[in-house]
Amino acid sequence: MIVDVVANARSLLGGVLHGHGVAVRITEVEAYGGIHDPASHAYTRTARSEIMYGDPWRLYVYRSYGIHLCANVVTGPTETASAVLIRAGEVVEGIELAQQRRPAVAAVSLARGPGNLARALGLTLDDLGTYLLGADGVRLEMSPGEPEISAGPRVGVSRAADVPWRFWVTGDPTVSSYRRSPRA
DNA sequence: TAGGCGATGACCT
DNA sequence: GGTCATCGCCTAC
C-alpha cells in the first residue's frame with residue numbers, strides 16, 4: 001500500500017490535469033501514505049479527511065493557511081486513505097485564462113506551488129470528490145511513459161519530514177523550491 | 001468552547 | 001533569505 005502510493009505518485013508525473021478551461025502537465029508531486037503516514041491529513045480520520053478513505057481517483061481539495069487551495073488525487077485502495085498532492089505543473093492549455101486568474105506572473109510560475117496550481121486551474125471546494133477519470137469537469141489524463149524523476153523530502157511538513165516522498169521531473173523549471181517546516 | 005497551528009504565497013530587504 | 005498575513009480545522013479543556 002505504501003509502495004503503491006509512491007508508484008502512483010511517480011506515474012502521475014508527466015500526466016495532464018484538466019481544470020476549468022486550463023490544463024497542466026504535472027511536474028511535481030508528493031506521496032501521502034494515509035493511515036500509516038503521520039504527515040497525512042488522513043493519519044487521523046476526521047470529517048475533512050473522510051474523502052480519502054473512499055474510492056480512488058477522486059479529487060481531494062483542502063484549504064491551507066485560510067486562503068490557498070491544494071489539490072490531491074486519492075489513489076486508494078479504499079480505506080487506506082493514500083493520496084498524492086499535486087505541487088506544480090506546466091500550463092499546456094488555456095494559458096490566457098490561467099494568466100487572467102494569476103495576473104502579472106511569469107508563464108513558468110503560473111502553476112508553481114500547490115496553491116498557485118489550484119488557482120490557475122480555477123479549482124474551488126465545489127470540485128471536492130470529482131471522479132478524475134471521467135469525461136466531465138476536472139479530469140486526469142495519465143501519461144504513457146515516465147519522465148526522468150528526482151526524489152527528495154516533502155515540503156513544509158513537520159512530521160516525517162525526512163521521508164523522500166516528493167518527486168519531480170528532473171530539471172523542470174516549473175518545479176517549486178524546497179522549504180523545510182520550521183517545526184520539523 | 002477556545003486556542004493553536006498549518007501539505008503556503010507574497011512581499012520586503 | 002526572512003517575515004507575515006489569515007482562517008478553517010483539530011485538539012484539549
Side-chain angles (χ1 to χ4, degrees), chain A residues 2 5-6 8-10 12-13 17 19 22 24 26-53 56 58-76 80-91 98-130 132 138 140 150-169 173-184:
Chain A
I2 295 289
V5 72
V6 167
N8 276 322
R10 297 174 63 101
L12 283 176
L13 288 174
L17 186 62
V22 174
V24 301
I26 299 168
T27 59
E28 183 187 359
V29 296
E30 284 176 6
Y32 285 87
I35 52 178
H36 303 288
D37 183 0
S40 171
H41 289 171
Y43 189 61
T44 53
R45 188 167 186 158
T46 66
R48 180 176 61 159
S49 60
E50 187 64 31
I51 176 77
M52 289 195 276
Y53 288 79
R58 303 216 171 237
L59 188 67
Y60 168 47
V61 183
Y62 70 91
R63 190 178 294 282
S64 178
Y65 289 87
I67 1 181
H68 314 288
L69 292 177
C70 298
N72 296 246
V73 177
V74 177
T75 59
T80 63
S82 300
V84 176
L85 169 69
I86 312 297
R87 284 197 57 85
E90 172 195 1
V91 178
Q99 283 173 334
Q100 212 171 305
R101 288 172 178 150
R102 307 211 52 219
V105 168
V108 74
S109 301
L110 279 175
R112 192 171 190 259
N116 291 335
L117 179 135
R119 214 157 86 211
L121 286 174
L123 298 180
T124 69
L125 289 175
D126 287 341
D127 297 310
L128 181 66
T130 303
L132 291 169
V138 183
L140 184 63
S150 301
R154 292 173 290 186
V155 174
V157 297
S158 58
R159 291 181 286 184
D162 297 315
V163 179
W165 280 0
R166 173 173 174 246
F167 305 98
W168 65 92
V169 177
T174 61
V175 174
S176 62
S177 55
Y178 177 65
R179 184 168 46 172
R180 190 179 177 87
S181 167
R183 278 165 299 283

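Here is how names work: the chains are called A, B, and so on, in the same order as the sequence lines, proteins then strands, and each is numbered from 1.
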Open item on the list: Quick check for you: to the nearest 0.5 Å, what is the distance between A:C70 atom SG and A:R119 atom CZ?
Closed with: 11.5 Å
Task: Most 5' of A:R102 and A:V157 on DNA chain B, judged by nearest nucleotide - done: A:V157
Open item on the list: Keeping A:R154 on the side-chain end and A:A31 on the backbone end, is there a donor-acceptor pair under 3.5 Å?
Closed with: yes
Task: For atom CD of A:E30 and atom P of B:dT8, their distance in whole Å - done: 7 Å
Open item on the list: Could you check whether the side chain of A:R179 and the base of B:dG9 have a donor-acceptor pair of N or O atoms closer than 3.5 Å, going by distance alone?
Closed with: yes
Task: Whether A:R102 side chain and A:L110 backbone form a donor-acceptor pair below 3.5 Å - done: yes
Task: Set of salt bridge (Lys or Arg N to Asp or Glu O under 4.0 Å) partners for A:D126, sequence neighbours left out - done: none
Open item on the list: Keeping A:T174 on the side-chain end and A:A88 on the backbone end, is there a donor-acceptor pair under 3.5 Å?
Closed with: no
TODO: Report which part of the nucleic acid A:R87 touches: base, sugar-phosphate, or nothing (heavy-atom distance under 4.0 Å, all strands).
DONE: sugar-phosphate
- [ ] Could you tell me the separation between the CG atom of A:L125 and the P atom of C:dC7, rounded to a whole number of Å?
- [x] 14 Å
Open item on the list: Taking any heavy-atom pair under 4.0 Å as a contact, classify A:R166: base, sugar-phosphate, or nothing.
Closed with: nothing
- [ ] Please answer whether the main-chain N or O of A:V155 pairs with a side-chain N or O of A:E30 as donor and acceptor at a distance below 3.5 Å.
- [x] yes
Task: Sub-4.0 Å heavy-atom contacts from residues 41-50 of chain A onto DNA chain C, ordered by number - done: A:T44, A:T46, A:R48
- [ ] Just do the side-chain contact (heavy atoms from CB on, under 4.5 Å) check on A:F167 and A:L12 with the steps written out, would you?
- [x] CA-CA 10 Å; A:F167 305 98; A:L12 283 176; over 6 Å; no
Task: Euclidean distance, atom CG of residue A:L128 to atom P of C:dG8 [Å, nearest integer] - done: 16 Å
Open item on the list: How long is the straight-line distance from OG of A:S177 back to CZ of A:R112, given to the nearest 0.5 Å?
Closed with: 5.5 Å
Task: Length of the line joining A:L69:CG and C:dC7:P, which is rounded to integer Å - done: 13 Å
Open item on the list: Could you check whether any side-chain N or O of A:D37 sits under 3.5 Å from a backbone N or O of A:G34, counting only pairs where one atom can act as donor and the other as acceptor?
Closed with: no
Task: DNA chain C-proximal residues of residues 109-116 of chain A, any heavy atom under 4.0 Å - done: none
Open item on the list: Using Watson-Crick or G-U wobble geometry with both distances under 3.5 Å, which nucleotide pairs with B:dA7?
Closed with: none
Task: A:R45 charged N/C atom sitting above A:Y53 aromatic ring, 6.0 Å / 45° - done: yes
Task: No-H, no-angle donor-acceptor pair, A:Y65 side chain to C:dA5 base, under 3.5 Å - done: no
Task: Whole-Å distance separating the CE atom of A:M52 from the P atom of B:dA7 - done: 11 Å
Task: Nucleotide B:dT8, atom P - distance to CZ of A:R180 in whole Å - done: 14 Å
TODO: Check the distance between B:dG9's C1' and A:L117's CG and give it to me in whole angstrom.
DONE: 14 Å
TODO: Report yes if at least one side-chain N or O of A:R63 is closer than 4.0 Å to OP1 or OP2 of B:dG9; otherwise report no.
DONE: no
Task: Below 4.0 Å: OP1/OP2 of B:dC5 and any side-chain N or O of A:R159 - done: no
Task: Minimum-distance nucleotide (side-chain atoms of A:H68 versus B:dT8, B:dA7, B:dA10) - done: B:dT8
Open item on the list: Output the rounded distance in Å from CZ (A:R154) to C1' (B:dT8).
Closed with: 17 Å
